[in-house]
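The structure appears below as structure tokens.
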Amino acid sequence: MSSADDDRPDAAELVLPIGQCLGLGPHDPVVEVRLGAAVEELGPEEFALWSMAHSDPAGGQDPWGPAGLLAAAGRAEVEGAAGHVDALLERGLLARAVPGTPSARALADAVRLLPLTAGRGNTHVSPQVYGMGRSDLLLAVGSSTTYDLFQWAHMETSLWRACEASAAVAARVGVTDPGLVDPAELLTGILGGMHALLGTNAACLDTWGVLP
Amino acid sequence: MTLLLRVGHALGPFHPAVGAFARHHVVRVGWENPNLTGEVERATWELALGHPTEDLDPALVDDLVRRRLVARVEETPEGRRAFARAHRVQPFGVGTVPTDDGGRVVGTWTRPAAALDPEAFDIWAWAHLFPDLAAAAAGLAGASAVAGDDPDAVLDRLVARLPELLAAEVLYLDVPRDGTPDDATSGPHPS
């Protein structure tokens, strides 16, 4: 994970928030974010950037990366955005990754995908589309592959191990699509749809953080 | 008295094809999908949120307990300990704004699910980091807003708060994740 002002022109680079928001603290104007077993406190500008890293606030369909985040921060008049992004990267609250490269594998080794809502299953009208949300609120939809990872990935100790497990299961039942049986390809696919899960709070990326 | 508490991550109906009825409702419990077949099973599971009512079919409840979809908790220290060693919690939602009593609203920023008092918030925020509820009770004793200075007292409060927290959909019960998955049932297989 490199710094925010590292001038890398790769359009597919993603920026991803790590941690589960615990909300505004009772006294200070800081937002608490749980990162594993630790609590990180984010000031208003830091929280604005961490929030905007969840997905493109304008709802765009392009991969959501550092350049887009800084542009959105500029439109929102967040002061000192580049410096705050660097600090959040340093603290492990943001990550940068280019799908299909070692940076994506490094991210997947370091985080797990934690579902933050129930599954809504599929419907007889669109059985290929699975919903995620609570009983009164649909938050996100995804393919069966996305839904499988939503269901199972957090049982593994990392997102990478979840991709390996999912690929192994797919291969065992005779699937041949590389996008489903190659863990790296599977990771590329899941990263492409990650912001749809993060931006709706259907799931978060977390570090392991399990206490003994 | 005993409590009945539903166990598992609810994952909704599974329709195998266009126009097909739901084959079952998917529930993940540990490394397995015991699933719920039919609306009576599903409703019984949904309603397992405290003391059993006359609406629940005892034989069906027994079956759900056997399949680990429902936990039957004897309301004694020994009963609570046995339940706690065999279960853990997982949170739903994110925390948002503080409540007047020092707790937190959880859900999403635009659609709150529940306002949690400090005790409930600490259960929601921290109990899931422990491998089971027994470890959570020991870890939270004296170090959280959960009342009680010893693990048994904290566990008493944890168990007492679970029905409302399950009903509010801010957490779910699971079994400990230790152990390796059974080869035949592990991994993604929603059907």
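Residue numbers start from 1 in every chain, and the chains themselves are labelled A, B, ... in the order their sequence lines are given, proteins ahead of strands.
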- If contact means a heavy atom pair closer than 4.5 Å, which residues of residues 91-109 of chain B contact chain A?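 From residues 91-109 of chain B, the residues near chain A are B:Pro91, B:Phe92, B:Gly93, B:Val94, B:Gly95, B:Thr96, B:Val97, B:Pro98, B:Arg104, B:Gly107, B:Thr108, B:Trp109.
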- Query: Just checking heavy atoms, which of residues 36-71 of chain B are less than 4.5 Å from chain A?
  - Reply: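 Checking residues 36-71 of chain B against chain A gives no residue, so none.
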Can you see which heavy atom on [X] is nearest to which on [Y], and at what distance?
X        : Y        : result
A:Met155 : B:Asp174 : SD-OD2, 4.4 Å
B:Gln90  : A:His154 : OE1-ND1, 3.5 Å
B:Ala17  : A:Pro127 : C-CG, 3.7 Å

[atom1]/[X]: more than 12 non-hydrogen atoms of other groups inside 6.0 Å:
X        : atom1 : result
B:Arg81  : CZ    : yes
A:Gln128 : CD    : no
B:Glu164 : CD    : yes

- Task: Find out whether B:Arg177 and A:Thr157 are in side-chain contact, i.e. whether some heavy atom of one side chain is under 4.5 Å from a heavy atom of the other.
- Result: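 With C-beta onward as the side chain, the pair touches.
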- Is there side-chain contact between B:Leu11 and A:Tyr130, with at least one heavy-atom pair below 4.5 Å? no
Is it the side chain or the backbone of [X] that comes within 4.5 Å of chain B heavy atoms, both, or neither?
X        : result
A:Arg120 : backbone
A:Ser135 : both
A:Asn201 : side chain

Considering only heavy atoms, which portion of [X] lies under 4.5 Å from any heavy atom of chain A: side chain, backbone, both, or neither?
X        : answer
B:Ala125 : both
B:Ala22  : neither
B:Phe21  : neither

- With sequence neighbours left out, what residues match B:Asp117 under salt bridge (charged side-chain N to carboxylate O under 4.0 Å, His left out)? B:Arg161
- Report the relative orientation of the aromatic rings in B:His9 and A:Phe150; use parallel for angles under 30°, tilted for 30 to 60°, perpendicular for over 60°.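 Plane angle between 30° and 60°, so tilted.
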- Apply side chain to side chain contact (heavy atoms under 4.5 Å, CB included) to A:Glu40 and list each qualifying residue two or more places apart in sequence or on a separate chain.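 Result, side chain to side chain contact (heavy atoms under 4.5 Å, CB included) vs A:Glu40: A:Leu35, A:Leu42, A:Arg91, A:Leu93.
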- Item | Value rounded to 0.5 Å, distance of CG in A:Leu137 from OG1 in B:Thr110 |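 Separation between the atoms: 7.0 Å.
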- Calculate, to the nearest 0.5 Å, the distance between atoms CZ and CG belonging to B:Arg111 and A:Leu139 respectively. 9.0 Å
- Query: So, the side chain of A:Gln151 versus the backbone of B:Arg28: is there a donor-acceptor pair under 3.5 Å, distance only?
  - Reply: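 Side chain of A:Gln151 to backbone of B:Arg28: no pair is present.
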- Message: I need the residue from A:Glu32, A:Arg134, A:Gln20, A:Met132 with the largest number of non-hydrogen atom pairs under 4.5 Å to chain B.
- Response: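 Max contact count across the listed options: A:Arg134.
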